[in-house]
Amino acid sequence: MFGGGIPELPAENYPNKTTIPRMDFLFLFLFYLASVLIGVVLICICSKTHCLKGLVGRGTQVFSYIIPECLQRAMLKLLHYLFHTRNHTFIILHLILQGMIYTEYTWEILGYCQELEFSLYYLLLPYLLLIVNLIFFTLSCVTNPGTITKANELLLLQVYEFDEVMFPKNMKCSTCDLRKPARSKHCSVCNRCVHRFDHHCVWVNNCIGAWNTRYFLLYLLTLTTSAATMAVVSTVFLVQLVVVSDFYLETYVDDLGHFQVVDTVFLIQYLFLTFPRIVFLLGFVMVLTFLLGGYLCFALYLAATNQTTNEWYKGDRAWYQHCPYMAQPPSAEPQVYQNIHSHGLWSNLREIFLPAAHYERKKK
């Protein structure tokens, strides 16, 4: 089964003098993880201060001198199709990636864990989370996010107050020819106005708005939990394997010819050389857990404070106007957006997860 039983970790088979420096793998993995996390943080900061558009513009100018014009046009058409039109590319990509991860988990880890007598409920938890995740993923894809029409325009105008800063009264959408309720926005990808617009998500090929924010949060929660569960199972499997084989009690000869006790760094690199696919899967789901977990925390923060991504992005203008590194006109006065829609944690969450009840109260 899966390679003929539980593999062993004999230390004497490890090449002791011809091996690469034992810090290489761990250093490269930590460098990769740090680079990804720093990159995400920098993108968030740059997007908040509008630096990202300037960097992208300058990068485009540089590449325009290198890349042929015909190739530039093809790339622009591809990018426009992927990010500015509704298509199922990222849905298919999402399902392929998820299928590959679960196939690798099943093929590489499940059989070994059964031989190590892991609890079956523990091993099947990622599959249960997968089923729940696919349900909320589907609901996020197909649920109407809150499209504003002539039929519901008057009702939606009464749901939220106008703050006269970000959402002034009597504004009209030039594309839809409809009055814009507070907290709404016209999505250029879907070509419709969406009530309580949060953002357009390419992964679900749909806007996230008043009616499907709850499904999107639960989809994100189950996706993060499933990645974390796989990481835990993979880690426990490798630890149990080391304990069963007593490999941590062995010694090895370092590059200088000295006997050394197996330590954590040596053990991680040796496991990578012995089980590269399992350790790579573990590293991938760990990075995925960090990234998804960070985004989940951000989304939960917005839900708890009754903000949308659109409002968060546009609202806090004082942050970059007071930043000493940002150039601004001397006469510019900072405009601080005040969130008038937050009414306490439970009320905010109830508005997201029970939107029908919230709208019924507004009718009365």
Side-chain angles (χ1 to χ4, degrees), residues 33-34 36-52 129 132-133 136-137 139-140 143 145-146 159-161 163 165-167 182-185 187 194-204 206-229 231 285-323 334-355 357-358:
L33 179 61
V36 171
L37 295 178
I38 291 172
V40 171
V41 172
L42 288 177
I43 288 174
C44 292
I45 294 175
C46 289
S47 64
K48 192 66 175 174
T49 59
H50 294 261
C51 289
L52 187 61
L129 289 169
V132 178
N133 175 255
F136 288 118
F137 174 73
L139 289 172
S140 300
T143 302
V159 174
Y160 294 112
E161 297 179 47
D163 56 21
V165 177
M166 190 183 299
F167 303 108
R183 312 188 77 183
S184 67
K185 185 179 183 296
C187 177
V194 177
H195 189 51
R196 201 185 181 279
F197 178 86
D198 191 275
H199 69 287
H200 180 89
C201 180
V202 294
W203 293 104
V204 300
N206 198 5
C207 291
I208 306 302
W211 296 106
N212 65 348
T213 298
R214 50 183 171 168
Y215 301 136
F216 181 76
L217 286 174
L218 293 171
Y219 153 71
L220 194 59
L221 175 63
T222 52
L223 189 63
T224 305
T225 308
S226 63
T229 303
V285 293
M286 282 179 62
V287 172
L288 198 61
T289 301
F290 278 118
L291 295 178
L292 289 172
Y295 183 51
L296 175 63
C297 290
F298 171 69
L300 291 176
Y301 160 74
L302 294 181
T305 56
N306 206 334
Q307 296 182 78
T308 65
T309 303
N310 179 55
E311 293 165 358
W312 173 84
Y313 178 77
K314 292 182 177 180
D316 191 11
R317 302 177 186 178
W319 189 90
Y320 65 85
Q321 288 187 347
H322 284 109
C323 181
Q335 297 180 358
V336 182
Y337 171 70
Q338 299 293 330
N339 182 11
I340 63 173
H341 304 295
S342 180
H343 303 291
L345 175 62
W346 297 115
S347 179
N348 295 339
L349 294 179
R350 186 167 56 248
E351 180 180 322
I352 291 174
F353 288 96
L354 298 172
H358 176 73

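Contact between Met166 and Asp163 at its shortest, heavy atoms only, is N-OD1, 3.0 Å. Taking every heavy atom of both residues into account, Cys207 and Pro145 meet most closely at O-CB, 3.3 Å. In terms of heavy-atom proximity, Ser184 sits nearest to Phe167 at O-CE2, 3.8 Å.
Side chain of Asn310 to main chain of His199: no donor-acceptor pair is present (N/O by atom type, distance under 3.5 Å, no hydrogens or angles). Asn339 places no side-chain N or O within 3.5 Å of a backbone atom of Gln307 that could act as its donor or acceptor partner.
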Side-chain donor-acceptor distances from residues 288-304 under 3.5 Å, at least two apart:
unit_1, atom_1, unit_2, atom_2, d
Thr289, OG1, Ala228, N, 3.3
Thr289, OG1, Val285, O, 2.6

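Between Phe136 atom CZ and Leu217 atom CG the span is 10.5 Å, to the nearest 0.5 Å. Atom CD1 of residue Ile352 and atom CG of residue Asn306 lie 6.0 Å apart, to the nearest 0.5 angstrom. Note: Arg350 CZ to Leu345 CG = 10.0 Å, rounded to the nearest 0.5 Å.
Considering only heavy atoms from C-beta on, Phe216 stays 4.5 Å or farther from Asn206 through its side chain. A 4.5 Å side-chain heavy-atom check between Arg196 and Glu351 finds at least one atom pair inside the cut-off. Under the 4.5 Å side-chain criterion, counting only non-hydrogen atoms from C-beta, Leu218 is in contact with Phe353.
With Arg183 as reference, Glu311 is the one residue of Glu311, His195, Glu161 to meet the side chain to side chain contact (heavy atoms under 4.5 Å, CB included) rule.
Take His200 and apply the ring pair (Phe, Tyr, Trp, His ring centres under 6.0 Å) test, not counting sequence neighbours, and it matches no residue.
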- Message: Asn133 vs Ser226, test: side-chain contact (heavy atoms from CB on, under 4.5 Å). Steps then yes/no.
- Response: CA-CA 8 Å; Asn133 175 255; Ser226 63; 5.6 Å; no

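Applying the side-chain hydrogen bond (donor to acceptor under 3.5 Å, both in side chains) rule to pairs touching residues 209-220 yields His94-Tyr219, sequence neighbours excluded.
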